[in-house]
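Read through the structure below, which is laid out as structure tokens, and then see the notes.
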Amino acid sequence: MKKLLALAALVMVSAGVQAQAFPGDKPITIVVPFPPGPTDRVTRDLAESLKKALPGSNFVVENVSGAGGTIGATRVAKAKPDGYTLLVFHIGMAATPALYRKLQYKPLEDFEFLGMINDVPMTLVGKPQFAANTYRDFENYIRANSGALNIAHAGLGSASHICGLLWQSQIKSKEAMTTIPFGGTGPAMMALMGGQVDVMCDQTTNTTAQIESGRVKAFAVTTAKPLSTHPVLKHYPSLQDMGLKGFDLTIWHGLYAPKGTPPAITKVLNEALKKSLKDPEFIKKNEGLGALVVTDKRVEPEEHKKFVAAEMIKIKAAVDAGGKYAD
Ligand code: MLT
């Protein structure tokens with residue numbers, strides 16, 4: 001009995017020591033499963049804020065792109081669970097298990113959930129020379145010419161892919177548009193501004209500046225209500241107001257660590273995240289791009305996990321109904 005108590009005391013002391021020593025001066029890598037673009041933007045802004053929340057810490061952002069974000073997520077699922085390799089991923093964490101049947105990770109089993117970050121609305125945008133200026137004209141043009149038009153996305157299971165699928169399934173155009181996959185919506189946006197692709201549904205964190213500068217045309221937002229307080233996005237209707245019943249899509253982002261990362265360390269990271277979600281600078285950067293940092297119970301790891309589990313069930317039902325898979 002004495003030995004057991006001594007052992008328990010030892011474990012607790014070492015856990016305490018671990019937490020105190022973490023992160024020390026070793027850099028923490030945050031993997032972004034896309035190239036520079038909307039998720040990269042959220043992650044770099046968060047890294048800046050986490051540095052303030054954890055004095056003396058150093059965060060580096062690494063882009064590991066491809067296959068709708070699954071390559072970067074796999075990298076972190078298989079990384080050493082020591083708190084020095086993290087992942088920022090979005091709705092793709094819930095969508096990819098439904099689309100990729102040979103996925104190398106199971107979200108609910110291979111990751112520690114560290115809390116949610118933000119909710120990002122999406123916008124339907126078109127190339128600058130697109131032959132329409134209002135959503136109504138845009139939708140009518142798509143209906144009449146869908147077979148000859150294309151839509152860009154960031155890979156199967158990506159936010160832009162999911163949005164494009166949901167929108168097209170509701171407008172019921174005669175023929176499906178040709179889909180053009182990219183590694184992320186950062187490079188897709190370059191092609192859209194250049195007129196190489198016609199349409200894209202993308203996060204406001206990547207579209208707001210291009211809409212404001214007139215380098216792309218915007219037609220609608222995907223939130224249930226228009227973004228009436230945003231200086232740029234307030235000018236566009238919601239798809240629901242345009243008759244797409246129940247259309248309400250925002251892209252949530254969360255922070256993750258490999259399964260088995262010590263609880264003492266995940267606690268330090270969750271507390272740092274919570275501080276960042278109260279950081280006025282981080283909040284301002286998000287709001288400037290039409291996004292909202294999370295302020296509800298989803299900042300708690302167990303609630304974050306419950307939320308993703310519910311999203312997985314919802315998305316799997318939709319994917320199985322469509323019967324189209326990535327592999
Ligand atoms: C990105 O960062 O490129 C996006 O999140 C891609 C997407 O999911 O549409």
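Note that this is a predicted model, so its numbers are computed, not measured. We count ligands from 1, going down the list as the structure has it; atoms in each ligand are counted the same way.
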> Does NZ belonging to K52 count more than 12 external heavy atoms closer than 6.0 Å?
Replying inline: yes

> So, is the end of the K217 side chain (NZ or CZ) under 6.0 Å from the ring centre of F130 and within 45° of the ring's axis?
Replying inline: no

> Considering only heavy atoms, which protein residues lie less than 4.0 Å from any atom of ligand 1?
Replying inline: F34, P38, T39, H90, A154, S158, A159, S160, G184, T185, Q203

> Are any of the side-chain nitrogens in D279 or K275 under 4.0 Å away from the carboxylate oxygens of its partner?
Replying inline: no

> Could you walk me through whether R101 and D327 pass the salt bridge (Lys or Arg N to Asp or Glu O under 4.0 Å) check?
Replying inline: CA-CA 6 Å; R101 292 168 294 188; D327 53 12; 3.5 Å; yes

> Does K316 have any salt bridge (charged side-chain N to carboxylate O under 4.0 Å, His left out) partners at least two apart in sequence or in another chain, and if so, which?
Replying inline: D320

> Has the side chain of T204 got a donor or acceptor atom that lies under 3.5 Å from a matching backbone atom of T207?
Replying inline: no

